[in-house]
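To find a chain, count down the sequence lines: A is the first, B the second, and so on, and within it residues start at 1. Below, all heavy atoms of this structure are taken into account, side chains as well, without hydrogens, waters or symmetry copies.
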Amino acid sequence: MTPFARKVYKIVLSIPIGQVRSYKWIASKAGRPAAARSVGQILKQNPYPLFVPCHRVVKANGGLGGYRWGKKTKQRLLELEKEISKAILITKKGKR
DNA sequence: ATCATGACTAATG
DNA sequence: CCATTAGCCATGA
């Protein structure tokens with residue numbers, strides 16, 4: 001585990017449910033604005049599968065980006081979380 | 001130090 | 001959507 005990798009995971013962990021960030025954005029936050037590609041390298045190692053929400057990291061142009069277990073899976077997780085966050089909003093609204 | 005590898009980016013077709 | 005090209009960079013051998 002390198003210092004850069006640690007930063008990347010920490011940042012990815014901070015992405016809220018139902019939201020996404022680009023590899024470039026992560027790279028900048030980690031202090032290496034031009035290391036988007038390296039961010040991908042780090043994420044594919046994914047030491048904590050299903051704990052680090054690496055599926056919330058997408059391409060800068062809006063594309064899906066890659067995923068260790070297939071883009072299809074990534075897409076499904078994102079749509080699922082989108083629904084979940086929507087449900088959370090409804091809950092908050094009705095709760096008062 | 002050098003070299004190869006990619007879940008990137010931007011531009012082009 | 002896909003493929004190619006060039007630039008970019010952390011990482012590991």
Side-chain angles (χ1 to χ4, degrees):
Chain A
M1 184 68 102
T2 67
F4 181 70
R6 207 189 316 288
K7 283 184 185 176
V8 170
Y9 291 126
K10 184 174 180 180
I11 295 169
V12 172
L13 245 359
S14 76
I15 304 175
I17 225 180
Q19 292 190 30
V20 299
R21 297 291 186 275
S22 71
Y23 291 89
K24 197 186 205 174
W25 188 90
I26 305 288
S28 296
K29 272 291 188 181
R32 296 286 182 288
R37 210 169 178 175
S38 303
V39 171
Q41 293 275 50
I42 299 300
L43 290 184
K44 82 175 178 181
Q45 294 182 57
N46 199 356
Y48 314 110
L50 298 181
F51 182 71
V52 176
C54 49
H55 55 277
R56 303 197 189 126
V57 186
V58 299
K59 300 217 284 189
N61 58 1
L64 234 193
Y67 196 57
R68 184 140 181 223
W69 301 316
K71 293 183 180 179
K72 189 85 185 266
T73 305
K74 188 171 185 176
Q75 175 86 69
R76 263 185 41 235
L77 287 173
L78 288 177
E79 302 217 354
L80 176 62
E81 290 194 340
K82 203 167 66 179
E83 291 304 309
I84 292 177
S85 60
K86 199 187 302 177
I88 292 177
L89 284 180
I90 295 176
T91 300
K92 285 188 176 179
K93 180 193 269 185
K95 195 166 186 184
R96 185 161 335 245

>> Check this one for me: any side-chain N or O of A/K24 less than 4.0 Å away from OP1 or OP2 of B/dA10?
In response: yes

> Which pair of non-hydrogen atoms, one from A/L64 and one from A/K74, has the smallest distance, and what is that distance?
Replying inline: O-NZ, 3.0 Å

> How is A/A5 classified with respect to the nucleic acid when contacts are heavy atoms under 4.0 Å: base, sugar-phosphate, or nothing?
Replying inline: sugar-phosphate

>> Looking only at the side chains, is there a donor atom on one of A/E81 and A/H55 sitting less than 3.5 Å from an acceptor on the other?
In response: yes

> Taking atom P of B/dA7 as reference, at what distance in whole Å does atom CG of A/L78 sit?
Replying inline: 18 Å

>> Nearest whole Å is fine: how far is B/dT9 P from A/L64 CG?
In response: 12 Å

> Side-chain heavy atoms under 4.5 angstrom apart, residues restricted to Ile, Leu, Val, Met, Phe, Trp, Tyr: same cluster for A/V20 and A/V52?
Replying inline: no

>> In this structure, how many angstroms lie between the C1' atom of B/dA7 and the NZ atom of A/K72, rounded?
In response: 18 Å

> Looking at A/A27 and A/A35, what are the two nearest heavy atoms and their distance?
Replying inline: CB-C, 3.8 Å

>> Looking at the base of B/dA7, is there any donor atom on it, or on the side chain of A/Y67, that sits under 3.5 Å from an acceptor on the other one?
In response: no

> Rounded to the nearest Å, what distance is computed from the NZ atom of residue A/K44 to the P atom of nucleotide B/dT5?
Replying inline: 11 Å

>> Strictly distance-based, threshold 3.5 Å: is any side-chain N or O of A/Y9 a donor or acceptor partner for the main-chain N or O of A/I42?
In response: yes

>> Just by distance, no angles: are the side chains of A/Q45 and A/Q41 close enough, under 3.5 Å, to form a donor-acceptor pair?
In response: no

>> So if I define the base as every atom that isn't primed, P, OP1 or OP2, how would nucleotides 3-9 of chain C read as a B/S/- string at a heavy-atom cutoff under 4.0 Å?
In response: ----BBB

>> If I take atom CG in residue A/N61 and atom P in nucleotide C/dC2, what distance separates them, rounded to the nearest angstrom?
In response: 12 Å

> CG of A/N46 versus C1' of B/dG6: gap in Å, rounded?
Replying inline: 16 Å

> Is A/F4 touching bases, backbone alone, or none of the nucleic acid, heavy atoms closer than 4.0 Å?
Replying inline: sugar-phosphate

> In whole angstrom, what separates A/I42's CD1 from B/dT5's P?
Replying inline: 18 Å

>> If I take atom CZ from residue A/R56 and atom CG from residue A/L77, how far apart are they, to the nearest 0.5 angstrom?
In response: 9.5 Å

